[in-house]
Protein chains: 2
Amino acid sequence: MLSKKAQYAFRALTHLVENYRKGPVLIADISKKKKISLKFLESILLELKKNDILDSKKGRGGGYFLKEHPSQTYIATVIRIMDGPISMLPCVSLYFYQRCKNCDEKKCGLHDIMENVRDATLKILEHRTLQDLVN
Amino acid sequence: MLSKKAQYAFRALTHLVENYRKGPVLIADISKKKKISLKFLESILLELKKNDILDSKKGRGGGYFLKEHPSQTYIATVIRIMDGPISMLPCVSLYFYQRCKNCDEKKCGLHDIMENVRDATLKILEHRTLQDLVN
DNA sequence: TAAAAGCCTACTTGTTTGGTAGGCTTTATT
DNA sequence: AATAAAGCCTACCAAACAAGTAGGCTTTTA
């Protein structure tokens with residue numbers, strides 16, 4: 001399951017897509033509109049900024065906004081930033097790979113199954129973008 | 001990601017598939033062969049028994065064994081017992097559904113995407129069985 | 001120069017994960 | 001009937017993580 005953090009991130013990003021190119025949006029505005037704890041949201045947006053999904057402007061008239069066009073940011077990217085691996089096993093993860101102990105990948109049946117699941121999942125999540133959040 | 005518990009469960013189940021119809025297998029044997037902490041494994045097997053995946057015999061000559069033929073137990077079933085929901089959002093889960101607050105499922109873009117992911121995932125996990133763990 | 005806004009560090013609280021300890025109960029064998 | 005083998009049950013524990021809070025610092029613009 002996606003963490004609350006990731007779910008909030010998507011709610012916030014949806015708002016930013018809806019207000020794309022209308023100038024910076026206040027954290028407080030997003031917090032109110034989407035009913036997300038202000039301080040928690042603050043840390044989420046900052047993390048998204050540090051990972052090049054968002055950009056911000058400080059001081060009066062500042063706020064957050066999307067760094068790129070909504071169609072350029074993939075859902076998979078956001079999930080990886082917020083929650084880490086998408087795969088069900090470390091040994092099939094593309095971005096967070098870890099060898100499994102006591103198990104030979106060549107002849108591990110679960111490995112194969114989970115590789116299939118990963119491919120099917122990524123086929124969706126690496127093609128859908130923030131644009132798809134608003135239809 | 002699958003929890004260690006679920007991963008251990010699959011390792012243990014693999015062993016039980018390999019020894020299907022050779023009589024009850026000792027927890028201690030599985031623990032040694034698959035290098036899983038004995039006591040932790042004990043609780044895992046018990047949980048699988050309570051959920052009708054395994055059966056056991058007590059006393060001397062006892063042990064654990066599969067309740068049904070390996071081809072009759074789906075990977076998805078085991079995951080749900082060990083880890084709960086497979087879906088990425090509560091509002092798209094079939095077995096653990098929960099309405100999401102502050103979000104209208106009819107017009108929530110993320111909902112649609114995650115429904116697709118769920119379908120793609122279950123298409124695999126609800127067709128592969130314990131038999132597939134050993135090729 | 002003051003107010004607005006994001007940035008940063010630290011803390012808190014509750015839950016989950018992964019595991020350990022120890023005794024109880026059932027059962028097959030002698 | 002006794003005993004040893006085996007699973008069953010209850011309780012506990014430490015570390016990590018999730019979700020959120022608090023409060024002050026820095027930058028920017030009017």
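Reckoned from all heavy atoms, side chains included, excluding hydrogens, waters and symmetry mates. Note on naming: letters A, B, ... go to the chains in the order of the sequence lines (proteins, then strands), and numbering restarts at 1 for each one. Because the structure is predicted, anything quoted here is derived from the model rather than measured.
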Is atom [atom1] of [X] surrounded by more than 12 heavy atoms (other residues, nucleotides or ligands) closer than 6.0 Å?
X	atom1	value
A/F96	CZ	yes
B/K34	NZ	yes
B/Y97	OH	yes

query: Hey, which of these two, B/Y8 or A/G62, hits DNA chain C nearer its 5' end, going by closest nucleotide?
result: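 Closest to the 5' end, via its nearest nucleotide, is A/G62.
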- request: Give, ordered by number, those residues of residues 84-93 of chain B having at least one heavy-atom distance below 4.0 Å to an atom of DNA chain C; if nothing qualifies, reply none.
  value: none
query: Which pairs with one or both residues in residues 104-135 of chain B pass ring-ring contact (aromatic ring centres under 6.0 Å, His included), sequence neighbours excluded?
result: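 ring-ring contact (aromatic ring centres under 6.0 Å, His included) check on residues 104-135 of chain B returns no pairs.
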- request: Could you pull out all residues at least two apart from A/E47 that satisfy salt bridge (charged side-chain N to carboxylate O under 4.0 Å, His left out)?
  value: A/K5
- request: Return each pair, listed once, that meets side chain to side chain donor-acceptor pair (under 3.5 Å) where at least one residue sits in residues 21-32 of chain A; pairs must be two or more places apart or across chains.
  value: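 Not a single pair qualifies under side chain to side chain donor-acceptor pair (under 3.5 Å).
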Could you pull out all donor-acceptor pairs under 3.5 Å where a side-chain atom in residues 74-87 of chain B meets a protein atom, sequence neighbours excluded?
{"unit_1": "B/R80", "atom_1": "NH1", "unit_2": "B/E126", "atom_2": "OE2", "d": "3.2"}
{"unit_1": "B/R80", "atom_1": "NH2", "unit_2": "B/E126", "atom_2": "OE2", "d": "2.9"}
{"unit_1": "B/D83", "atom_1": "OD1", "unit_2": "B/S3", "atom_2": "OG", "d": "2.6"}
{"unit_1": "B/D83", "atom_1": "OD2", "unit_2": "B/S3", "atom_2": "N", "d": "2.9"}
{"unit_1": "B/D83", "atom_1": "OD2", "unit_2": "B/S3", "atom_2": "OG", "d": "3.4"}

Give every pair of a protein N or O atom and an N or O atom of nucleotides 27-30 of chain C that lie under 3.5 Å apart, one pair per line with the distance.
{"unit_1": "C/dT29", "atom_1": "O4'", "unit_2": "B/R60", "atom_2": "NH1", "d": "3.4"}

- prompt: Earliest and latest nucleotide of DNA chain D, 5' to 3', sitting under 4.0 Å from a non-hydrogen atom of chain B?
  reply: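 The contacted stretch runs from D/dA5 to D/dC9.
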With heavy-atom distances below 4.5 Å as the criterion, would you say the side chains of [X] and [Y] are in contact?
X	Y	answer
B/Y64	B/V25	no
B/P90	A/Q7	yes
A/V92	A/V117	no

query: Do you reckon A/L16 sits in the same ILVMFWY cluster as A/I36, going by side-chain contacts under 4.5 Å, direct or chained?
result: yes
task: Establish whether A/M88 and B/M1 are linked, either directly or via other cluster members, by ILVMFWY side-chain heavy-atom contacts under 4.5 Å.
output: no
query: Can you list every pair that meets salt bridge (Lys or Arg N to Asp or Glu O under 4.0 Å) and has a residue in residues 48-64 of chain B, with sequence neighbours left out?
result: B/D52-B/K67
task: Could you tell me which residues satisfy ring pair (Phe, Tyr, Trp, His ring centres under 6.0 Å) with A/Y20, sequence neighbours excluded, listed by chain and number?
output: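 Testing A/Y20 for ring pair (Phe, Tyr, Trp, His ring centres under 6.0 Å), a comparison that skips the adjacent residues, returns A/H69.
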task: Quick one: list whatever passes ring pair (Phe, Tyr, Trp, His ring centres under 6.0 Å) with B/Y8, sequence neighbours left out.
output: B/F40
- prompt: Does any residue of residues 20-53 of chain A have a heavy atom under 4.0 Å from DNA chain D, and if so, which ones, in number order?
  reply: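 Hits under 4.0 Å, by residue number: A/S37, A/K39, A/F40.
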Pull out every protein N or O sitting under 3.5 Å from an N or O of nucleotides 13-16 of chain C, one pair per line with the distance.
none

